[in-house]
K.L.:
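Before we start, here is the structure in question, set down as structure tokens.
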Amino acid sequence: MNKTFLALSMFAVLVSYNSQATEDTAPTRDPYTHLVNEVKTNKYTMSVKVFDGNRANYGYSPVVEVKVPTDDSHHYVEVKIQNIFDGMSDLKYKLVDNDDNISEQDYSNFLFHQYTPSLKLYPRVMRHGEATLETRADNGIKCEFIGLYDGMDTKRIANNFFLNDGDKYISKFTCPSEDIQNNDMVYDIDWNYGNDLYQAYAPKQLTNGYRVVFLEGDKKLSFDSVPSGVKTPEVYLSSSLQELKPGYIAAHQMGVNLDFKYFIDPTIPEYDPQSERITIEKTIKATIDSLKSLGYSPDSSRVYSVQQANVIIRHGKLEGALAAGIWDQELNKNVLLISDSYNSGLQQKVNKVIAHEIGHIIGLPHQNIQLATVMSEYPDLPVGIKLAPKVGGDDTVENTIFSYVDAQSLQSLVNDQD
């Protein structure tokens with residue numbers, strides 16, 4: 001009996017020892033590698049927006065900025081890109097909340113090291129006297145990623161990369177300025193987010209969304225001439241309104257070769273001493289002629305029923321705007337809505353506010369107010385601003401609406417349709 005007890009005791013000790021040895025020698029799982037594999041295997045992604053959907057946020061208020069340091073000892077320009085992340089909390093639930101072996105600190109470190117955006121400035125030479133651009137160079141100016149910053153301008157680091165869905169963050173880059181040229185050289189701003197985890201909400205914004213021109217003494221692209229010796233960057237949108245996905249009922253893009261069949265609603269009287277209809281029809285004709293002068297093939301005609309029209313022009317209630325180009329979901333048509341408080345026909349001439357809204361219906365986004373464009377917040381172009389020159393030899397039409405910046409955005413619509 002003693003021998004049996006001794007044998008059993010030794011067996012128990014041996015089993016206990018082997019079990020402990022197994023626990024001691026079990027391989028330790030690396031949290032970062034595990035998270036990388038989980039994301040790759042399950043194809044987890046999160047969306048990154050540049051715009052928050054506010055109408056003022058897709059052109060009037062810059063979300064991509066380029067600045068030149070005032071200190072001449074700095075041989076670089078700074079590029080800032082607004083980022084709004086969507087999917088952080090959902091990803092955390094999938095990767096952390098259901099795995100006791102992954103800590104929130106592991107998750108923060110993973111997100112930080114996965115966010116590796118890159119950016120280049122690709123030069124395009126503007127043809128002398130024209131609004132079109134030469135094919136861009138193959139080799140761009142490579143920029144350095146400095147970091148991601150929150151609304152308090154605090155740089156997020158590995159142990160503090162917890163990002164809130166919907167909050168605005170800024171990716172900062174610096175680009176060497178030695179080779180940057182002024183005025184007739186424009187630069188495509190191209191970037192990516194580094195890997196498959198971070199996906200652009202509107203992909204064309206990355207490669208065909210924004211351009212920057214460095215102005216000095218030139219008034220071709222801006223309202224004002226820039227003093228000599230002062231290099232002033234101006235960012236403008238080269239993508240269409242459709243590609244920006246503004247997130248509200250914006251007009252549906254009809255393109256540069258649109259067939260503009262418009263119905264003028266009875267809310268706009270047919271005859272009165274200061275007829276808005278005269279102004280509206282003059283403005284439509286001027287806009288269509290301007291497109292033709294730039295080499296496109298649009299057409300327009302007034303129709304006399306809603307059913308025949310693809311654009312309805314009428315009065316209505318508007319808050320904080322004189323007019324708006326919108327999509328009416330009930331009619332399934334574009335509507336050019338003029339505020340009840342605004343009489344667009346007072347001067348009975350081409351009205352740039354109406355032309356601005358037709359620009360949205362064509363597919364153009366807003367532009368920075370500093371730029372010479374009918375798509376800025378104050379669309380009346382000052383005397384002396386250069387309009388985009390005519391393309392071709394048709395002497396029956398002329399461009400009275402679109403500036404150099406507008407002409408480049410119009411060309412992007414052609415690229416969208418290709």
Side-chain angles (χ1 to χ4, degrees), residues 55-56 58-62 130-132 186 211 213 219-224 234-242 244 246 250-251 253-258 260 262 276 279-296 298 300 311 313 321-326 334 336-339 342 344-347 349-391 397-414:
R55 74 177 187 89
Y58 66 94
Y60 292 167
S61 302
E130 296 185 18
T132 53
V186 299
R211 290 184 178 139
V213 60
K219 200 179 179 183
K220 181 161 57 182
L221 288 159
S222 67
F223 280 139
D224 303 306
E234 288 290 351
V235 175
Y236 60 96
L237 293 160
S238 59
S239 55
S240 68
L241 180 59
Q242 176 177 289
L244 298 177
Q253 175 177 312
M254 293 181 67
V256 292
N257 299 312
L258 73 167
F260 196 86
Y262 62 96
E276 283 191 274
T279 296
I280 290 167
E281 295 194 317
K282 282 184 176 179
T283 303
I284 292 171
K285 184 179 187 306
T287 305
I288 295 298
D289 284 352
S290 295
L291 286 172
K292 288 179 178 178
S293 77
L294 296 177
Y296 303 113
S300 67
V311 179
I313 303 173
L322 300 178
I326 62 174
N334 282 316
L336 199 166
L337 186 63
I338 301 171
S339 172
Y342 177 55
S344 63
L346 288 175
Q347 297 175 321
K349 64 177 186 178
V350 174
N351 184 297
K352 295 293 176 62
V353 173
I354 293 177
H356 174 108
E357 301 308 332
I358 296 174
H360 286 321
I361 292 171
I362 293 169
L364 297 179
H366 286 150
Q367 296 287 7
N368 191 319
I369 192 172
Q370 299 301 321
L371 294 166
T373 163
V374 74
M375 300 312 297
S376 74
E377 190 170 8
Y378 302 105
D380 278 312
L381 301 180
V383 175
I385 287 296
K386 296 179 181 178
L387 293 166
K390 182 183 298 186
V391 176
V397 293
E398 62 177 323
N399 173 31
T400 59
I401 301 294
F402 299 113
S403 72
Y404 277 75
V405 171
D406 298 318
Q408 292 176 37
S409 294
L410 289 167
Q411 186 59 40
S412 75
L413 296 178
V414 178

K.L.:
Aromatic rings His356 and His366: how do their planes relate, parallel, tilted or perpendicular, breaks at 30° and 60°?
P.N.:
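Geometry flag for His366 against His356: tilted rings.
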K.L.:
Going from OG on Ser300 to CD1 on Ile288, what distance comes out if it is rounded to the nearest 0.5 angstrom?
P.N.:
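Spacing of OG (Ser300) from CD1 (Ile288) equals 4.5 Å.
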K.L.:
Which heavy-atom pair separates Thr400 from Ala286 by the least distance, and what is that distance?
P.N.:
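Answer, listing the atom of Thr400 first, then Ala286: OG1-CB, 3.9 Å.
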K.L.:
Determine whether a donor-acceptor pair (N or O, by modelled atom type, separation under 3.5 Å) exists between the side chain of Ser409 and the backbone of Leu237.
P.N.:
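Looks like yes, one N/O pair under 3.5 Å.
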K.L.:
State, yes or no, whether a side-chain contact exists between Leu371 and Ser376 at a heavy-atom distance under 4.5 Å.
P.N.:
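Leu371 does not reach Ser376 side chain to side chain.
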K.L.:
Applying salt bridge (Lys or Arg N to Asp or Glu O under 4.0 Å), name anything that partners Glu281, two or more places apart in sequence or on another chain.
P.N.:
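Partners of Glu281 by the salt bridge (Lys or Arg N to Asp or Glu O under 4.0 Å) criterion, ordered by chain and then number, come out as Arg302.
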K.L.:
Hey, are the side chains of Leu258 and Tyr296 touching, using non-hydrogen atoms and a 4.5 Å cut-off?
P.N.:
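Leu258 does not reach Tyr296 side chain to side chain.
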K.L.:
Any side-chain heavy-atom pair from Leu364 and Leu413 closer than 4.5 angstrom?
P.N.:
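Yes, at least one pair of side-chain atoms sits under 4.5 Å.
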K.L.:
Can you see which heavy atom on Leu291 is nearest to which on Val256, and at what distance?
P.N.:
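Scanning both residues completely, I find the closest heavy atoms to be CD1-O, 3.8 Å.
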K.L.:
Identify the heavy atoms of Ile358 and Leu336 that sit nearest to each other, and give their distance.
P.N.:
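Shortest heavy-atom separation between Ile358 and Leu336 comes out as CG1-CD1, 3.8 Å.
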K.L.:
Hey, could you give me the CD/OG distance between Gln370 and Ser222, rounded to the nearest 0.5 Å?
P.N.:
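Here the interatomic distance stands at 8.0 Å.
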K.L.:
Do Lys352 and Ile401 have side-chain heavy atoms sitting under 4.5 Å apart?
P.N.:
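Sidechains of Ile401 and Lys352: in contact.
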K.L.:
Does some side-chain heavy atom of Val213 sit less than 4.5 Å from a side-chain heavy atom of Val405?
P.N.:
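SC-SC contact between Val405 and Val213 ruled out.
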K.L.:
Would you give the length of the straight line joining atom CG of Leu322 to atom CD of Glu357, rounded to the nearest 0.5 angstrom?
P.N.:
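It comes to 9.0 Å.
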K.L.:
Under the side chain to side chain donor-acceptor pair (under 3.5 Å) criterion, do Ser403 and Asp406 qualify, and how do the steps go?
P.N.:
CA-CA 5 Å; Ser403 72; Asp406 298 318; 3.2 Å; yes
K.L.:
Which atoms form the tightest heavy-atom contact between Ala407 and Ala388, and what is the distance?
P.N.:
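Where Ala407 meets Ala388 most closely, the heavy atoms are CB-CB, 3.7 Å.
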K.L.:
Shortest non-hydrogen contact from Lys282 to Lys349?
P.N.:
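Minimum heavy-atom contact is CD-CA, 4.2 Å.
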K.L.:
Should Thr373 and Tyr236 count as side-chain neighbours, where that means a heavy-atom distance under 4.5 Å?
P.N.:
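In short, these two side chains do not touch, never coming nearer than 4.5 Å.
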K.L.:
Any side-chain heavy atom of Leu221 within less than 4.5 Å of one from Glu234?
P.N.:
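They are not in contact (no side-chain heavy atoms under 4.5 Å apart), so the answer is no.
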K.L.:
Looking only at heavy atoms, what is the nearest atom pair of Leu387 and Asn399, with distance?
P.N.:
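For Leu387 versus Asn399, the nearest heavy atoms are CD1-O, 3.5 Å.
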K.L.:
Could you go through Thr287 and Val374, starting from their C-alpha distance and side-chain angles, then the distance that decides it, and tell me whether this counts as side-chain contact (heavy atoms from CB on, under 4.5 Å)?
P.N.:
CA-CA 11 Å; Thr287 305; Val374 74; over 6 Å; no
K.L.:
Whether the side chain of Lys390 engages the backbone of Val397 through a donor-acceptor N/O pair (distance < 3.5 Å, no angle test) should be reported.
P.N.:
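At least one qualifying donor-acceptor pair exists.
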K.L.:
Are Ile313 and Ile354 close enough that some pair of their side-chain heavy atoms sits under 4.5 Å apart?
P.N.:
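Contact flag for Ile313/Ile354 side chains = no.
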